[in-house]
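Worksheet: the structure to be examined is printed underneath.
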Number of protein chains: 4
Amino acid sequence: MPKIVDHDAYRNELLQKYFDDFAHRGYSDVTMREIAESLGVSTGTLYHYFPTKKSILENMLQLASRRDISGAIASIKEDTPLEDRIRAFSNYIMEKEQWFADIVMLTIDYYRQQNKEGGFEMVKEADSYYGNGVAEATGLSAELGFFFTIFFNGLVFHRLAFPDSISFHDQAELFIKVFMTYLRAEGMEKNLKNEGVDSGKK
Amino acid sequence: MPKIVDHDAYRNELLQKYFDDFAHRGYSDVTMREIAESLGVSTGTLYHYFPTKKSILENMLQLASRRDISGAIASIKEDTPLEDRIRAFSNYIMEKEQWFADIVMLTIDYYRQQNKEGGFEMVKEADSYYGNGVAEATGLSAELGFFFTIFFNGLVFHRLAFPDSISFHDQAELFIKVFMTYLRAEGMEKNLKNEGVDSGKK
Amino acid sequence: MPKIVDHDAYRNELLQKYFDDFAHRGYSDVTMREIAESLGVSTGTLYHYFPTKKSILENMLQLASRRDISGAIASIKEDTPLEDRIRAFSNYIMEKEQWFADIVMLTIDYYRQQNKEGGFEMVKEADSYYGNGVAEATGLSAELGFFFTIFFNGLVFHRLAFPDSISFHDQAELFIKVFMTYLRAEGMEKNLKNEGVDSGKK
Amino acid sequence: MPKIVDHDAYRNELLQKYFDDFAHRGYSDVTMREIAESLGVSTGTLYHYFPTKKSILENMLQLASRRDISGAIASIKEDTPLEDRIRAFSNYIMEKEQWFADIVMLTIDYYRQQNKEGGFEMVKEADSYYGNGVAEATGLSAELGFFFTIFFNGLVFHRLAFPDSISFHDQAELFIKVFMTYLRAEGMEKNLKNEGVDSGKK
DNA sequence: TATGAATGAGAATTCATTCAT
DNA sequence: TATGAATGAATTCTCATTCAT
C-alpha cells in the first residue's frame, strides 16, 4: 500500500499556506516553482495535488469564501443589538483586513482568468459571501447586506491602494453612524428580516 | 518643439487605445508584442515611446487618474443642490462603469508591481482622485468625500466580480438615500466645507 | 516454480495487451503511467514486471518476432504448390496488416534506441523472421525469401503512410504474378532449397 | 528597417541542416534546445522560424518529398532503355540510401503525430513521390511505379533495421532481373504508358 | 507483491528587451 | 524614427523512476 495521505486535507493545507503570497504577488507573477519551494515540496508533488496553476487559484478562492462566511458569522454573538452586530462584523474585517484584501486581489485575478479562452466559471457561491451572508448574520435585508459588503470591500480596496490615505477605524465608524442613522430614520422594521431584533427603542 | 508635442500626443493616444485591453487582461498577461500589434506598430516603435513595459502601466494610471477627476468634475453643474451633485457623480460613474472598473484592476496591478524589488512608487496624485476630488466638486468634507468614493469603488468592484448580483442603479440610489438621510440628520453645516452651498433648508 | 510461470505469463499478457497502442503512439510518446492505467495496474506493479520502459519495447519486439514467424508458418499447409504457399503468406500478412505495421513502427523505435548512448543491441533473432523464416516455410532460397519479405514490408509501410494510395490485394497479386513469372522463367530448381517441392513440372 | 533576411530561404536552410539528426534521433527524442544549438541559433530564433516543433517535422517532410522527386528524375537520362532507367533509379536510391532511410523514419513520426489529437493532415503531395513520380520518370504504368517504390522502400527499411542482413546491390539487381523478366514476358506495351520506349528489341 | 505519493531534471514554449539595418 | 530578427532566461507542465507503506 502507498504512503497514506489525506489527499483533500493536504490540499487545503497547501492552499492556506500559500494564500497570502499568491494574493500579494498575483496569479501571473507567482511561479509554480516558487510555490512548490515555498511549500517545501517538489513541483511534481505540487502537480500531484493541483493539475494546473489555474486550479490553485480556483481552489484558493473557494476555500477562502467558505472560511470567510463561517469566520465572520462565528464572530457575532446572539441576541445583541443590531449596531453591535454590525460593529462586530466591521471589527472582524478590520482585524482580518489583510486577508480580505487578499480576497479582493485574487478575485480580480480570477475574473481575468475567467475571461480568457479556456477560462473557468466564476465561483457563484462566493457571491453569497458578499451580501447574503452578511444579511443573514445581522438580520438585515439582502439589499442592505450588500450595501454593507460593498462599502467594506471598497474600504479594503482603498486602503490597499493608498495605505496612508484613510483610517479603517474612522471610516468604519462613520459608516456605522451613517448606516444607523438611516435605519433609525426609516424605521427598523422595514429593513430587518426578523422582527423583534433590536426593536422597541422608543 | 512640434516634435515633442507630437511625441507626447502620440504616447497618450497609444495609452488610451490599449487602456481597456490592458486592464482586462492584466499587466502580466499582456505582452509587448500584443500591445504593439494591437496598436499597429512594431515592437521597436513601441519601445521608442515606452522604455519598459512597466512604464506603460505607470503612464496609463497617471493618465487615467487625471482624466478621471476632470471628467467627473466637468459633469457637475454649478449652483445645484447637494443631492443633485452627488447623483451627478453617481451617474457619471455608472455611465463610465467599465472605465472605473479598469482603473480598479490596474490599481491592483500597480500595487503589486510597487511591492516588487525594483518596483515603482505609488502614484500619489491618484489618491486625490479618491476622495479629495469628490469632496471638492461636491462641497463635502474630505472625510465624506472619501466615504462616497469608497462606496462607489466597492460597488464597481462588486459588479466586476459578480455582474449578475446587484444593480448599479439600485445600490447607488440606496446610497444616496442613506447618505442624504445622514446629512440632513446631522445638519448640513457640519459636513460641508463651504457654507452656503445647498443651504436655505428651513 | 508456479510463481515463475505466472510471472512470465503475466508479463506476456501485459505486452500483448498494450502492443498496438505502443506501436501506434510510439515509444517516446507513451508514458509508463498510461501503460499502467491502460493495463489496470499501478505504476509500481508495472515496474515490478518491467524494470525500465526500454525493457518493455525490447520484450515487445522479441515477443512479436516469435509469434510472427510461428503464426505465418502455421498458416501454410504442407504439400501445396509454391504459388499457393506464397499466396498463403501474402494473405496472412494482409489479414494481420495492422500487426505487421505495428512491427514496422516498433522496429524504427528500436533502431533509434539502439543508436543512443546506453541503447541496446538489435534483437538479432528478429532478423530470421525477415527472410529466413519465409524461405524456410516456402522452400525458396534465402535470397528470394528476403526478396519476398522486403516487398511486403514495403507494402505494409506504404499503406501505413498513405492509406488511400494503393490496394493491398492488388499489389500483392501483382507481386505474385511478377514473382511467379520470374521463377518459371528461371527454372524453379535454381530457386528452391529443397528439391522435390512443387516440382515435376518437367 | 530591420535586418534583411530571406525568411523562407533561411527556413529551408535550417531544415536541411538538421534533417539527418532529426530523422535518426526521432521526432520525440530530439529537443528544441538541441536543434537550436546544433543549428547555431537561439531557441528564440528557432521559434521565430518555426512556431512549433511539429511544424519542423511537417516542413521537413514537405521539403524532402519535393527534393526527392526532382533529384531522382534529374538522374535519369532521356532516350535510354527502360532497364537502364530503372537501374538509374535504383542507383540513385542506393547512393542516397541514408537519406531515403531518413524519410522512411520521418514518415513514421509524421504518421504518429497525425493520429494525435490536434495532429495534422498527411502531406498528400508526398504520395506522388511514392509511385507516380517513378512511373512518370520511367514511363511505367502507375501500378508498376508503385510496385517499384514499394520494393525499394522495403529494401531501405530492411537495411535500416538489419544493416548486416542483406546487400542493397544484390537485392536491387535481383529486383531488376525479376522485374524485367516480367515486363518482357508480359509484353512491354501493356506496361508502358508511352509507346515506343525501349520496344522492338529483337 | 502491490500501491501511488514523491521526486526533480528536462521538455516545449514565451516574452521583455536589444540592436543592426 | 521605425522595423522586426535575435536572444536566452524563465515559465508551465511532464514523466521515468523510486520507495515507504
Side-chain angles (χ1 to χ4, degrees), chain A residues 1-7 10-11 27-37 39-56, chain B residues 3 6-7 10 27-37 40-56, chain C residues 3 6-7 10 27-37 40-56, chain D residues 1-7 10-11 27-37 39-56:
Chain A
M1 260 167 268
K3 200 186 272 191
I4 288 163
V5 174
D6 185 333
H7 197 85
Y10 194 52
R11 270 171 63 101
Y27 175 76
S28 297
D29 284 355
V30 144
T31 74
M32 290 301 267
R33 193 158 7 233
E34 283 170 333
I35 297 175
E37 264 168 34
L39 293 174
V41 298
S42 65
T43 58
T45 300
L46 186 58
Y47 274 91
H48 187 68
Y49 288 98
F50 301 97
T52 61
K53 194 183 174 188
K54 258 186 193 172
S55 76
I56 297 183
Chain B
K3 284 281 178 189
D6 275 354
H7 191 271
Y10 194 50
Y27 174 75
S28 297
D29 283 356
V30 145
T31 74
M32 290 300 268
R33 186 142 27 221
E34 282 171 331
I35 297 174
E37 265 169 34
V41 299
S42 67
T43 57
T45 301
L46 186 58
Y47 271 90
H48 187 71
Y49 288 100
F50 301 97
T52 61
K53 193 182 176 187
K54 262 185 193 168
S55 74
I56 297 183
Chain C
K3 285 280 178 190
D6 274 353
H7 191 271
Y10 193 51
Y27 174 74
S28 297
D29 284 356
V30 144
T31 73
M32 290 300 269
R33 184 139 32 217
E34 283 171 330
I35 298 174
E37 263 169 34
V41 298
S42 66
T43 56
T45 301
L46 186 59
Y47 272 89
H48 188 72
Y49 287 100
F50 301 97
T52 62
K53 194 182 175 188
K54 262 184 192 169
S55 75
I56 297 183
Chain D
M1 258 165 267
K3 201 186 272 190
I4 289 164
V5 175
D6 186 335
H7 196 85
Y10 194 51
R11 271 170 64 100
Y27 175 75
S28 297
D29 284 353
V30 146
T31 74
M32 290 301 268
R33 196 161 0 236
E34 283 170 332
I35 297 174
E37 265 169 33
L39 292 174
V41 298
S42 65
T43 58
T45 299
L46 186 57
Y47 274 91
H48 187 68
Y49 289 96
F50 301 97
T52 60
K53 192 182 176 188
K54 259 185 192 173
S55 76
I56 298 183

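Here is how names work: the chains are called A, B, and so on, in the same order as the sequence lines, proteins then strands, and each is numbered from 1.
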Euclidean distance, atom CE of residue A/M32 to atom P of E/dA11 [Å, nearest integer]: 20 Å

Given DNA chain E, 5'-ward residue of the pair D/G44 and A/T45, judged by closest heavy atom: A/T45

Dot-bracket encoding per residue of DNA chain E, Watson-Crick/G-U cut-off under 3.5 Å, | denoting interstrand: .||||||||||||||||||||

Close side-chain approach of D/H48 and D/V41, heavy atoms under 4.5 Å: no

First encountered from the 5' end of DNA chain F, between C/T31 and B/V41: B/V41

Among F/dG8, F/dA6, F/dT12, the one nearest D/T43 by side-chain distance: F/dG8

Set of ring pair (Phe, Tyr, Trp, His ring centres under 6.0 Å) partners for C/F50, sequence neighbours left out: none

Earlier contact from the 5' end, DNA chain F, for C/K53 and A/K53: A/K53

Of the listed nucleotides F/dA2, E/dT7, E/dT14, the one nearest the side chain of D/Y47: E/dT14

Listed partners of A/T43 passing side-chain hydrogen bond (donor to acceptor under 3.5 Å, both in side chains), at least two apart: none

Spacing between B/I56 atom CD1 and E/dC15 atom C1', to the nearest angstrom: 13 Å

Whichever of B/R33 and D/E34 has its nearest DNA chain E nucleotide further upstream toward 5': D/E34

Spacing between A/E37 atom CD and F/dT11 atom C1', to the nearest angstrom: 14 Å

Closest nucleotide among F/dC15, F/dA6, E/dA11 to the D/Y49 side chain: F/dA6

Heavy-atom side-chain proximity of C/R33 to C/L46 below 4.5 angstrom: no

Rounded distance in Å - NE2 (C/H48) to P (E/dG4): 16 Å

Whole angstrom value for the distance that separates P of E/dA6 from CG of A/L39: 12 Å

Closest nucleotide among E/dG8, F/dG8, F/dA5 to the A/S42 side chain: E/dG8

Whole-Å gap separating P (F/dC15) and OH (C/Y27): 13 Å

Atom pair distance, as rounded to whole Å: CG in B/L46 and P in E/dT18: 13 Å

side-chain contact (heavy atoms from CB on, under 4.5 Å) partners for A/T52, two or more places apart: A/K54, A/S55

Those residues that, when tested against C/E37, pass salt bridge (Lys or Arg N to Asp or Glu O under 4.0 Å) (two or more places apart): none

For atom OH of D/Y10 and atom C1' of F/dA5, their distance in whole Å: 10 Å

Sequence-distant partners of D/Y47, ring pair (Phe, Tyr, Trp, His ring centres under 6.0 Å), two or more places apart: none

